[in-house]
Structures are given as structure tokens and as C-alpha cells.
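Here's the structure we're looking at; comments come further down.
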Number of protein chains: 2
Amino acid sequence: MDKIDSKLLRLLQQDASRTNPELAAEVGLSPSSCLRRIRRLHEAGVIDRIVAILNPAKAGRTMKAIITVELERHGEQYIRRFLDMATREPAVIQAYSVSGETDAILMLRLKDMDELDALTERLFREETNVARYYTAFVIRTGKETTEIPVG
Amino acid sequence: MDKIDSKLLRLLQQDASRTNPELAAEVGLSPSSCLRRIRRLHEAGVIDRIVAILNPAKAGRTMKAIITVELERHGEQYIRRFLDMATREPAVIQAYSVSGETDAILMLRLKDMDELDALTERLFREETNVARYYTAFVIRTGKETTEIPVG
DNA sequence: ACTTCTGTGCAATAAAATTGCATGGCGGCG
DNA sequence: CGCCGCCATGCAATTTTATTGCACAGAAGT
């Protein structure tokens, strides 16, 4: 993981559609060497995967909501059960168990209110062990990146 | 946006490193047609970008934290100012202004506690107009996808 | 029924990815 | 201090993929 690797990671996190010769030129290597480094980063698991990021509005998912959840019983197995249930929902794009007052935080990507209604109905009925939950709607997105600082 | 487009979007959201001939076979099209569809999705902005997703642990950013923020003065311009400031922090990977009790929610990707300390020092000093903030550390990640449900 | 538009497959061409091989730098060891 | 081995690099050859022109077929509209 030298300087060149870091630069490659930064570039690929910003735009992985670039061709190898382009990347090679950017970091000052020959295409073959550059390719081998990228492959090595893949194999080492530093690069987990390459994905397409959609424009939510144009993909028909305009609403975003963040729900903080407090459970009734806080045992590890209960939290796990709730997280598993939340994870199965396609609209849930992030699901975490967290420290502090709240037990879990969910990030949702929704089409409309009806979808939220149906989802909360499924996740927060009595037998799901949820004591309280707070729904916050995203008004403005200041930043939303998949980029992790490297180096 | 027919069935084939949706399938392409699903596939590309899961793995955009696939070659065009592979994708074409998956959706039952010739490579050239498939490529043209993908290009069209790009041009239409449905596909925003192609990025590499790193393994946070292997990239040296193991900690994740979520901070909910309440501002002292809630005016639009204050919220905007705070969001802008948060956005400039590389460790902040998501920054939203939200409805409800809290004004903003930040998602952080951190190397260690020192980094968090330094960051809170910068973001939550007196003149930043923050009344209260709650830091929740992510204990377990149940789900974390960039995939938006399509179709 | 005719025209038009749009998407498709095929084939040719250009570009990129992949691999073998030889070279050179760098660190460890004698 | 010099020798040896290791690893990354660049070059070149080969395979694979991306790209584009072209003609055709189906759907929609006139």
C-alpha cells in the first residue's frame, strides 16, 4: 500500500469506469503494471466491489428517511433479530445496531409515503419488540459519498 | 425503462465489473444492444456513476459513527451553513438536514477516536451554532448497500 | 395500408485487458 | 562491500471487449 495504491484507490472510488490506460497515465505507470496493482487490491479485498450508483430521483425513489429505534428488550439476540428483519426489506439500504440511547438506526430509500407506511407496519408491530421509533425525513442532502478517505 | 433495463440496473448495482458480453447473455440480448442500453441509461442520468467500494477495515477506517445534531438557531441559512461545514470533512460520508427534533444527521467513517475528537472539536465549537449532538457508534452493520430497488 | 421511429443483430474495426518475458532496483545475507 | 534473490516494472504479443455502421423487423401513428 504505497502512494500509488492510495492514489488508485482514490481515483477508483471517484470513478471506476475509467479505463486502465487512463488510470495508468494518471498515476504514472504502464498499463500492465497498473492493472496488476488493481488486481492485487481486489484480491487483497481492499477493493470490495465495483458498483453502479443510480440517481435516486430518476430511478423512482425520491424519498429518504432515517429511523432511530429503541427496543423494548435490549439483549443481543433481540437486536440481532430486529436487524435481520430490517435487513430483509429492500427499502432499507443501511441498518446498524448502535451504542447509546437508541438501539438501531435504519436508512430508508422510499418511493412514497405508502411504502413507508407499509414498511413501518411490518417492522414496528407489537411482536417486533420495538419500544419507540423516530422517523426523520431527509430534507436536503449535503453530502452522500461512498468514498472512504485513504492514506 | 422496460423489464430489461430494470434487470440491467439491478445487475449493475450489484456488480458493475461484469463485462458487456456477460451482461448481454444474462438479459438475453446481443452485446451491442446491451451496450447501447447501458449507454442510454448513463446519458439519461439514471446511472449516475460507477465506483469502487472499499473494504473499510482493510482501508484503515474501522470505526463508524452517526451523529444527530440540534442547532441553536434553526433558520434555513444556519442549517445550510452547518451542512456545508460538515460536508468539507473527509470523514463525513453522509450529511443530511432532516425534519423533526434533530436538524442534521451525519454519518462518519473514522480511523480512531482521536480523529473523532478532532472532528467534533471542529464541528461543535461554540460558534458553529450547535445546541446539542448525540454520537452513536455503530456496533454491528446489518446491511449497507448502495442498491436502490428498481422497477 | 403506408410511413416513421425505435430497437435489434451482425459484422468489422478500434480499444482495452491480459499474459509471458526480460530488466532493474532494493533489501537481506554472506 | 559485494552477491543473491525477490518483486515490481515495462514491453510486446495475444485475447477479449467496446464501439460503430448497416440493414432489418416490429410497434405506433397517420
Side-chain angles (χ1 to χ4, degrees), chain A residues 1-62 111 145-151, chain B residues 1-62 111 145-151:
Chain A
M1 270 289 275
D2 59 4
K3 208 158 188 171
I4 294 182
D5 281 337
S6 297
K7 188 164 185 182
L8 277 175
L9 290 177
R10 271 194 297 278
L11 290 171
L12 289 173
Q13 283 192 102
Q14 287 163 10
D15 179 6
S17 72
R18 243 175 293 210
T19 65
N20 188 44
E22 283 173 353
L23 287 169
E26 290 246 28
V27 301
L29 279 182
S30 71
S32 58
S33 275
C34 182
L35 187 67
R36 271 185 279 248
R37 274 175 182 267
I38 294 174
R39 188 184 307 161
R40 196 153 40 80
L41 290 169
H42 256 110
E43 285 164 359
V46 181
I47 297 177
D48 184 53
R49 60 193 195 278
I50 308 292
V51 301
I53 304 293
L54 305 192
N55 180 322
K58 302 210 170 154
R61 289 290 148 100
T62 50
K111 184 158 44 186
T145 180
T146 55
E147 199 173 343
I148 297 174
V150 177
Chain B
M1 269 289 272
D2 59 4
K3 207 158 187 171
I4 294 182
D5 281 337
S6 297
K7 188 164 183 180
L8 278 175
L9 289 177
R10 272 194 297 277
L11 291 171
L12 288 173
Q13 284 192 100
Q14 287 163 11
D15 179 5
S17 71
R18 244 176 292 212
T19 66
N20 188 45
E22 283 173 351
L23 287 170
E26 291 244 30
V27 301
L29 280 182
S30 72
S32 58
S33 275
C34 183
L35 186 67
R36 270 186 280 248
R37 275 176 181 266
I38 294 173
R39 188 185 308 160
R40 195 153 43 81
L41 289 168
H42 256 109
E43 284 165 0
V46 180
I47 297 176
D48 184 52
R49 59 193 197 278
I50 308 291
V51 302
I53 304 293
L54 303 192
N55 180 322
K58 302 207 171 156
R61 287 291 149 103
T62 51
K111 186 157 42 186
T145 180
T146 54
E147 198 174 342
I148 297 175
V150 177

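Values below: all heavy atoms of this structure, side chains included; hydrogens, waters and symmetry mates excluded.
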**OP:** Verify, without hydrogens or angle tests, whether Gln13(B) (side chain) and Ile148(B) (backbone) share a donor-acceptor contact under 3.5 angstrom.
**Re:** yes
**OP:** Would you confirm whether Asp48(A), through its side chain, and Asn55(B), through its main-chain N or O, come within 3.5 Å as a donor-acceptor pair?
**Re:** no
Subject >> Under 3.5 Å donor-acceptor pair, Arg40(B) side-chain atoms to dG7(C) base atoms >> reply: no
**OP:** Can you check whether any acceptor in the base of dC11(D) is under 3.5 Å from a donor in the side chain of Ser32(A), or vice versa?
**Re:**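 Between dC11(D) and Ser32(A), which were checked side chain against base, a qualifying N/O pair under 3.5 Å is present.
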Interatomic distance, [X] [atom1] vs [N] [atom2] [rounded to whole Å]:
X: Asp2(A); N: dC7(D); atom1: CG; atom2: P; result: 15 Å
X: Ile38(A); N: dT18(C); atom1: CD1; atom2: C1'; result: 13 Å
X: Glu22(B); N: dT15(D); atom1: CD; atom2: P; result: 19 Å
X: Leu8(B); N: dG7(C); atom1: CG; atom2: P; result: 14 Å
X: Leu35(B); N: dA16(C); atom1: CG; atom2: C1'; result: 13 Å
X: Asn20(B); N: dT19(D); atom1: CG; atom2: C1'; result: 10 Å
X: His42(B); N: dT19(D); atom1: NE2; atom2: P; result: 10 Å
X: Arg39(A); N: dA8(D); atom1: CZ; atom2: C1'; result: 14 Å

Report which part of the nucleic acid [X] touches: base, sugar-phosphate, or nothing (heavy-atom distance under 4.0 Å, all strands).
X: Arg36(B); value: base
X: Ser30(A); value: base
X: Arg37(B); value: sugar-phosphate

Subject >> side chain to side chain contact (heavy atoms under 4.5 Å, CB included) between Asp2(A) and Arg37(A), worked out >> reply: CA-CA 11 Å; Asp2(A) 59 4; Arg37(A) 274 175 182 267; 2.9 Å; yes
Original post:
So does Thr19(B) get a side-chain nitrogen or oxygen closer than 4.0 Å to the phosphate oxygens (OP1/OP2) of dT17(D)?
Top reply: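 Thr19(B) to dT17(D) OP1/OP2: side-chain N or O found under 4.0 Å.
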Original post:
Do NZ/NE/NH1/NH2 and the carboxylate oxygens of Asp15(A) and Arg49(B) come within less than 4.0 Å?
Top reply: no
Original post:
Which nucleotide in the list dA17(C), dT19(D), dT9(D) gets nearest to the side chain of Leu29(A)?
Top reply: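 Selected nucleotide: dT9(D).
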Subject >> Point-to-point distance, once rounded to the nearest 0.5 Å, from CD of Glu147(A) to CG of Leu54(B) >> reply: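 Interatomic distance, Glu147(A) CD to Leu54(B) CG, rounded to 0.5 Å: 8.5 Å.
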